[in-house]
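Okay, so here's the structure we're looking at.
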Protein chains: 2
Amino acid sequence: MSEIERGRGAAIWSQISAILAGEIIRGQLRQGEQLPSAQELAARFDVNRHTVRRAIAALEQRNLVRTEQGRGSFVQEQTLDYPISRRTRFTQNMHNLNVEADLEFLEDARETAPPKVAQALGLDRHEYVYRVETISRADGHIVDYSTAYFPAARFPSLPAVYRRLLSVTRTLNELGVTDYERRFTRVSARLPDATTARLMKQPASRPILYVQSINADLRGVPVQYGITRFSGDWVQLVLMAEP
Amino acid sequence: MSEIERGRGAAIWSQISAILAGEIIRGQLRQGEQLPSAQELAARFDVNRHTVRRAIAALEQRNLVRTEQGRGSFVQEQTLDYPISRRTRFTQNMHNLNVEADLEFLEDARETAPPKVAQALGLDRHEYVYRVETISRADGHIVDYSTAYFPAARFPSLPAVYRRLLSVTRTLNELGVTDYERRFTRVSARLPDATTARLMKQPASRPILYVQSINADLRGVPVQYGITRFSGDWVQLVLMAEP
DNA sequence: CCGCCCTGTCTAGATAACTAGACATTTGTG
DNA sequence: CACAAATGTCTAGTTATCTAGACAGGGCGG
């Protein structure tokens, strides 16, 4: 069954918490359903009731369960399907999904292109790029933490425009890019580094989806290279075949 | 910098190990490069040298570093880019990547379609599907653990053919599906359940890429629904724009 | 309203994880 | 070869985590 490994670097309340969270997320425990009692869970995992209580407390803090004295603990969950295609746009996505989207600007900078970025954008390594960092939320939850790079030579006024419009699509539009499409996407599952964990307000032990992408204009010239870190827990990327 | 959280459920050697693994995977520490000495790392994280040594031992076991007495520890790493497109085929992928691919058959079964599977394949919920479980390796490392569902009515002899050919493409070919393409892909980052962790020989604390997909024949009729769990650590999914 | 089952809170003790320090062993260098 | 700097291996003490048990208090059905 659900095996607990003692002495493997993770506190066992933390392992139990992860197992229960997994069962909730993959739907083995349904929304609103009552968890087994602390006593029963203690028996199932062969640990003390106090240890189970610690695990459940952690689930409460992640908002995965709610617990009522004298009654029990109950599942409280939802996920978000995030479509990715050639024509992926965050704002549009969120609007389609009928959730309240909110983009928070963190910072921007002009810097010489890091090697990977230069390569992605087809720039010389001494050229400047604008780096823009943002966090997006939906219904109050953090959806992603994103770092975007734009060629500075082509879009000299980008930072000001971006700060005003807070939208990649509209910013590029105003700067003469009438349309763009996603040319490249790479997805991996990682644990967040310290900065990312802090910004996304999640523990370093919860995985994120780490997505690198390149958007290009309709002539195929790259206009943006981005690194987007999604909350792996409740965001799922959906890749549709083109019609 | 790299923040260690004490008393948050993860042993601190385990946190340090995760941080260093992250720096290796995202290339801040390059292949072959020497790690800082245990003494220096102990200073950086403000912990005892023994704790750092435990962290490094864990990295050795994951084959991320190699350590030599009197010299130091050195990065030992590689990743695998796994392309996903409308025409994704595992065997072909691996062959293109120039790695030795190996598919191990685990089990198959005929069962009534679980609700999600029935929906994905466009079947009635009382119809039968074949479920096939496999593990694939490349150069000896586990790449993914996969569960595939096929409509039993359409492919009555599938299990026997599959066991013989050990390839989705060739099996469907022999059963009259000359070509197929990927219609739908959903990707999320998760921690593995106990069974998955065991089969993939990885700890339950290391994330996996959890990919659900539907393949359809050229008339658009679904022929396969699959759940593939990739080693999130060293496999990266690459999504290319179609030419 | 009583009994049963649940969560909540406390205390005390056992076990695992981390720290501190001493010293051995290997490697590379002057 | 002597020395510095790294890993490897002990021992002992401290702190965090887990176990064990007792009891208080809310919820619910007979």
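All figures in this text were calculated on a predicted structure; none of them were measured in a lab. Per chain, numbering begins at 1; letters A, B, ... match sequence-line order. Hydrogens, waters and symmetry mates play no part in the numbers below; they use all other heavy atoms, side chains included.
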Q: Test A:Y225 against every option in A:Q119, A:K116, A:Q212, A:R131 by the side chain to side chain donor-acceptor pair (under 3.5 Å) rule and name the one that passes.
A: A:Q212
Between atom [atom1] in [X] and atom [atom2] in [N], what is the gap in whole Å?
X	N	atom1	atom2	value
A:Q69	C:dT9	CD	P	8 Å
A:L41	C:dC6	CG	C1'	13 Å
A:N48	C:dG13	CG	C1'	12 Å
A:I12	C:dT15	CD1	P	14 Å
A:Q34	C:dC5	CD	P	14 Å

**Q.** Comparing B:H50 and B:Q39 on DNA chain D - which has the more 5′ nearest nucleotide
**A.** B:Q39
Q.
Heavy-atom nearest nucleotide on DNA chain C for A:G7 versus A:R49: which residue maps closer to 5'?
A. A:R49
Q | 5'-most by nearest nucleotide on DNA chain C - B:G70 or B:A10 | A | B:A10
Q. Just the endpoints, please: which first and last nucleotides of DNA chain D, 5' to 3', lie under 4.0 Å from a heavy atom of chain B?
A. D:dA6 to D:dT17
**Q.** Between B:T147 and B:R229: side-chain donor-acceptor atoms closer than 3.5 Å
**A.** yes
Q) Under 3.5 Å, is there a donor-acceptor pair linking the side chains of A:D124 and A:H126? A) no
Which pair of heavy atoms, one from [X] and one from [Y], lies closest together, and at what distance?
X	Y	result
A:V65	A:I56	CG2-O, 4.1 Å
A:I142	A:S231	O-OG, 3.3 Å
B:W13	B:A55	O-CB, 3.3 Å

Q. Is A:R6 touching bases, backbone alone, or none of the nucleic acid, heavy atoms closer than 4.0 Å?
A. sugar-phosphate
(Q) Please pick, from C:dA17, C:dA22, C:dG8, the nucleotide with the shortest atom-to-atom distance to any side-chain atom of B:R54. (A) C:dA17
Q: Please determine if a side-chain N or O atom of B:W13 lies less than 4.0 Å away from the OP1 or OP2 oxygen of C:dC18.
A: yes
**Q.** Derivation of the side chain to side chain donor-acceptor pair (under 3.5 Å) call for A:T196 and A:D193
**A.** CA-CA 5 Å; A:T196 303; A:D193 60 29; 2.8 Å; yes
